[in-house]
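Have a look at the structure below before the remarks.
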Amino acid sequence: MSRLEELIEKLCPNGVEYKPLWSLSAWDKRFNGVDRTKQEKVISYKYFLSADFNKVEKRDGDIKYISTGISGDDRYTTEELAGDYLAEGEVVCIPWGGTPNVKYHKGKFVTGDNRIATSLNTNILNNKFLYYWMQSNIKIISTFYRGSGIKHPNMKNVLDMCIPVPPLEVQCEIVHILDNFTLLSAELSAELSAELKFRQKQYDYYFNKILNDNEYPKMKLCDIGQVKMCKRIFKSQTNNIKGIPFYKIGTFGKQPDSFIDEEIFQEYKNKYSYPKKGDILISCSGTIGRTVVFDGEPAYFQDSNIVWIEHDSTKVINEYLFYCYKTNPWSISTGGTIDRLYNENVLKAEISVPPIEEQKKIVNKLNKLYKLCNDISEGLPAEIKARQKQYEYYRDKLLTFKELKVNE
């Protein structure tokens, strides 16, 4: 039996009492719709909006800035620059606007526009226990955020949430376990991230060695095929409601926001150039050289901005060509209003061309390395995600208690 199990068996074998959050915590302001008797104590803070904090931010500072965002919370200032914005305490925060998240801090700090809580009596409710419990219930808290633009929390709903209140020894043991688990998880994530970084370098090394530093004969794309593009589509021929997806440079590789009629699509597809399934589409403006493998589904593409090479597949296979394009072999035309990749730039691009069977081997090897480094469902990224899920599972399990019946 673990120490936590022993404590529960000894101190609260029949369950624990659940109490409304307002009865155990003090917040940073009085909230609309919340009865004053539920907020007998308020601890006020001065709030640094992000733009204002930029003026006093110091990378080598020792005063933490508690932002409202999920990430990018490693910002600091100094006591001198913080001035009367400086606060001190052990607090738990949720953002007043934006994406719901929970943060914990103990010590001196300055804050963004957060809603800030602290325990009214730490002999009854441990602040770090409160933090872990709110973190565990972030999905419920998220449902209290409302608004058509930036969402804000309904604080009445937050304060009316009921939190389990086991004996303080039990709370402290749970905090101890989760602190250790968090530390271990962070260390494992750091190790996995370092491994992922190493694998990415390994991938880049083999990628460059295989596709650039080799003795295979070089060929220009003009010796392999011709640049092709779809027939021009005019704005008057499009709509934003229904039809065949029409991809412009701004939606290339994303969700379409423009469509053309089926009749026009069939006519242009049959009369003019149209990519085959597996052809590699190339962006020639915007993010130049971005590639998308055409999946064969009905779609149309903006002429001159999105092109492909209609090539001899006995010389180069599409899968190999896809990786060659990732080496950015293009010479981009600059000096005009907008940088562009013109047809002549595409055709002058030079790539290494091994025999077809060797191309297949290269593609197979690069696919495996690419998948390991980038596929969220496999390899190291999935392992990092699995660690986070494992932490969340045990955290939620530790914070779930049988509710004590009144007559007990």
Side-chain angles (χ1 to χ4, degrees), residues 15-53 64-71 73 84-106 109-166 171 392 395-396 399-401 403-406:
V16 304
E17 189 176 358
Y18 279 67
K19 294 184 178 181
L21 194 54
W22 61 262
S23 68
L24 300 168
S25 57
W27 291 75
D28 59 306
K29 59 173 57 179
R30 297 196 182 279
F31 303 121
N32 293 333
V34 177
D35 192 291
R36 291 182 68 87
T37 60
K38 293 182 178 181
Q39 286 195 276
E40 293 182 358
K41 183 177 182 180
V42 171
I43 304 173
S44 299
Y45 301 89
K46 294 191 70 174
Y47 311 104
F48 252 130
L49 298 183
S50 183
D52 295 326
F53 183 73
K64 179 83 167 180
Y65 173 61
I66 306 177
S67 74
T68 57
I70 293 178
S71 59
D73 196 27
D84 58 358
Y85 285 83
L86 184 67
E88 185 172 6
E90 186 179 17
V91 296
V92 180
C93 310
I94 59 173
W96 178 235
T99 304
N101 64 90
V102 187
K103 293 188 177 74
Y104 167 87
H105 184 77
K106 184 176 182 180
F109 65 92
V110 292
T111 182
D113 194 3
N114 289 292
R115 298 289 66 81
I116 305 172
T118 191
S119 172
L120 283 169
N121 186 341
T122 53
N123 290 319
I124 297 174
L125 178 64
N126 181 293
N127 272 306
K128 197 67 174 289
F129 180 85
L130 170 63
Y131 161 70
Y132 282 124
W133 177 82
M134 290 185 69
Q135 189 185 66
S136 177
N137 285 274
I138 189 61
K139 288 184 179 179
I140 295 174
I141 293 171
S142 296
T143 65
F144 302 149
Y145 277 69
R146 294 283 189 272
S148 57
I150 298 176
K151 298 181 184 300
H152 301 286
N154 181 322
M155 293 305 298
K156 179 182 184 302
N157 291 341
V158 175
L159 268 65
D160 282 342
M161 292 177 73
C162 287
I163 179 173
V165 191
Q171 293 182 43
E392 291 172 359
R395 178 199 63 200
D396 296 349
L399 292 167
T400 300
F401 294 89
E403 186 170 2
L404 183 67
K405 293 182 180 179
V406 176

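Index from 1, following the sequence. Remember, it's a predicted structure, so these values are computed and weren't measured experimentally. Computed over heavy atoms, backbone and side chain alike; hydrogens, waters and symmetry mates excluded.
- With hydrogens and angles disregarded, a donor-acceptor distance shorter than 3.5 Å links the side chain of N101 to the backbone of T68.
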If you apply the rule side chain to side chain contact (heavy atoms under 4.5 Å, CB included), what do you find for Q171 with V165, and how did you get there? CA-CA 8 Å; Q171 293 182 43; V165 191; 4.0 Å; yes
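- Separation of atoms CD1 (I116) and OG1 (T111) is listed at 4.0 Å; rounding is to 0.5 Å.
- Taking the six-membered ring where tryptophan is involved, the planes of Y85 and F48 are essentially parallel, since the angle between them stays under 30° and well short of 60°.
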Would you check, one step at a time, whether the test side chain to side chain contact (heavy atoms under 4.5 Å, CB included) holds for V16 with Y18? CA-CA 7 Å; V16 304; Y18 279 67; 4.1 Å; yes
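- Note that NZ of K46 and CG of L86 are 11.5 Å apart. Values are rounded to the nearest 0.5 Å.
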For the pair K29 and Y47, evaluate side chain to side chain contact (heavy atoms under 4.5 Å, CB included) and give the outcome as yes or no after the intermediate values. CA-CA 12 Å; K29 59 173 57 179; Y47 311 104; 3.8 Å; yes
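- Rounding to the nearest 0.5 Å places CZ of R395 at 10.0 Å from OG1 of T400.
- Checking side-chain atoms of R30 against main-chain N and O of Q39 turns up a donor-acceptor pair under 3.5 Å.
- Within the 3.5 Å criterion, the main-chain N or O of W96 finds a donor-acceptor partner in the side chain of H152.
- Other residues, nucleotides and ligands contribute over 12 non-hydrogen atoms within 6.0 Å of the CG atom of D35.
- With ring centers used as reference points, Y45 lies under 6.0 Å from F109.
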Run the side chain to side chain contact (heavy atoms under 4.5 Å, CB included) check on Y104 and E90 step by step: do they pass? CA-CA 8 Å; Y104 167 87; E90 186 179 17; 2.5 Å; yes
